[in-house]
Amino acid sequence: ELEVFSTTAKNVARDAKVTVSDTFADGTNINHKREHLNDDQYGNPRSWISKQKGGGWVQLELAQPERIPAPIQAQASQLCELAKHISQTP
């Protein structure tokens with residue numbers, strides 16, 4: 001799951017247009033699809049994988065301009081704590 005939190009702790013990625021370089025198995029694998037990147041569901045069965053080993057990219061076009069405090073990369077188990085931290089950051 002790809003999440004981008006604004007300064008108000010809103011996940012603005014949920015409404016974003018998602019573009020990817022490519023998709024594993026050209027999108028025929030039911031577990032690894034572009035649309036899984038921001039569908040608010042976690043885990044390997046709802047993920048995206050590039051078909052480029054060690055490569056690939058994701059682009060989000062946000063619905064409107066947003067103030068994003070800092071980029072953060074985390075495992076799913078860490079996301080709740082990160083959202084809590086961001087909501088408390090001035």
Side-chain angles (χ1 to χ4, degrees):
E1 186 66 14
L2 181 58
E3 296 179 313
V4 178
F5 291 98
S6 69
T7 54
T8 62
K10 177 184 177 190
N11 178 12
V12 295
R14 289 198 62 207
D15 299 323
K17 175 184 172 189
V18 180
T19 305
V20 298
S21 57
D22 50 56
T23 301
F24 175 76
D26 294 322
T28 60
N29 183 299
I30 63 168
N31 292 327
H32 309 302
K33 295 182 173 278
R34 173 197 50 81
E35 53 269 22
H36 294 171
L37 276 166
N38 64 338
D39 65 358
D40 206 26
Q41 297 184 40
Y42 302 96
N44 189 53
R46 300 292 298 184
S47 63
W48 168 80
I49 298 176
S50 170
K51 68 179 177 183
Q52 300 175 44
K53 184 177 181 178
W57 53 264
V58 172
Q59 175 179 302
L60 294 178
E61 184 179 329
L62 301 180
Q64 63 187 35
E66 296 285 351
R67 191 174 297 266
I68 309 300
I72 300 171
Q73 181 176 345
Q75 298 294 323
S77 61
Q78 299 169 309
L79 291 175
C80 289
E81 280 302 312
L82 288 171
K84 180 179 166 186
H85 170 74
I86 290 170
S87 68
Q88 296 171 356
T89 302

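Along the sequence shown, residues are numbered consecutively beginning with 1. For the numbers below, each heavy atom of this structure counts, side chains included, while hydrogens, waters and symmetry mates do not.
- Across all non-hydrogen atoms, the minimal contact from S50 to S21 is OG-OG, 4.1 Å.
- Hydrophobic clustering, with ILVMFWY side chains joined whenever heavy atoms are under 4.5 angstrom apart, groups V20 together with L2.
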Show which side-chain atoms of residues 9-16 pair as donor or acceptor with protein atoms under 3.5 Å away, not counting sequence neighbours.
| from | atom 1 | to | atom 2 | distance (Å) |
| --- | --- | --- | --- | --- |
| N11 | OD1 | V4 | N | 3.1 |
| N11 | OD1 | A13 | N | 3.1 |

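- Residues A25 and T28 come closest through the heavy atom pair O-OG1, 2.7 Å.
- Judged as a ring-ring contact (aromatic ring centres under 6.0 Å, His included), the pairs with a partner in residues 7-35 (not counting sequence neighbours) are, in order, F24-H32.
- When all heavy atoms of K33 and W48 are compared, the pair lying nearest together is O-CB, 3.5 Å.
- Annotation: the span from H36 atom NE2 to I49 atom CD1 amounts to 11.5 Å, rounded to 0.5 Å.
- Contact check for T19 versus R34: no side-chain heavy atoms found under the 4.5 Å cut-off.
- Exactly one residue among N31, D39, D40 makes a side chain to side chain donor-acceptor pair (under 3.5 Å) with R46. That residue is D39.
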List, one per line, each side-chain donor-acceptor pair under 3.5 Å for residues 51-65, sequence neighbours excluded.
| from | atom 1 | to | atom 2 | distance (Å) |
| --- | --- | --- | --- | --- |
| K51 | NZ | D26 | OD1 | 2.8 |
| Q52 | NE2 | D22 | OD2 | 2.3 |
| Q64 | NE2 | E66 | OE2 | 3.4 |

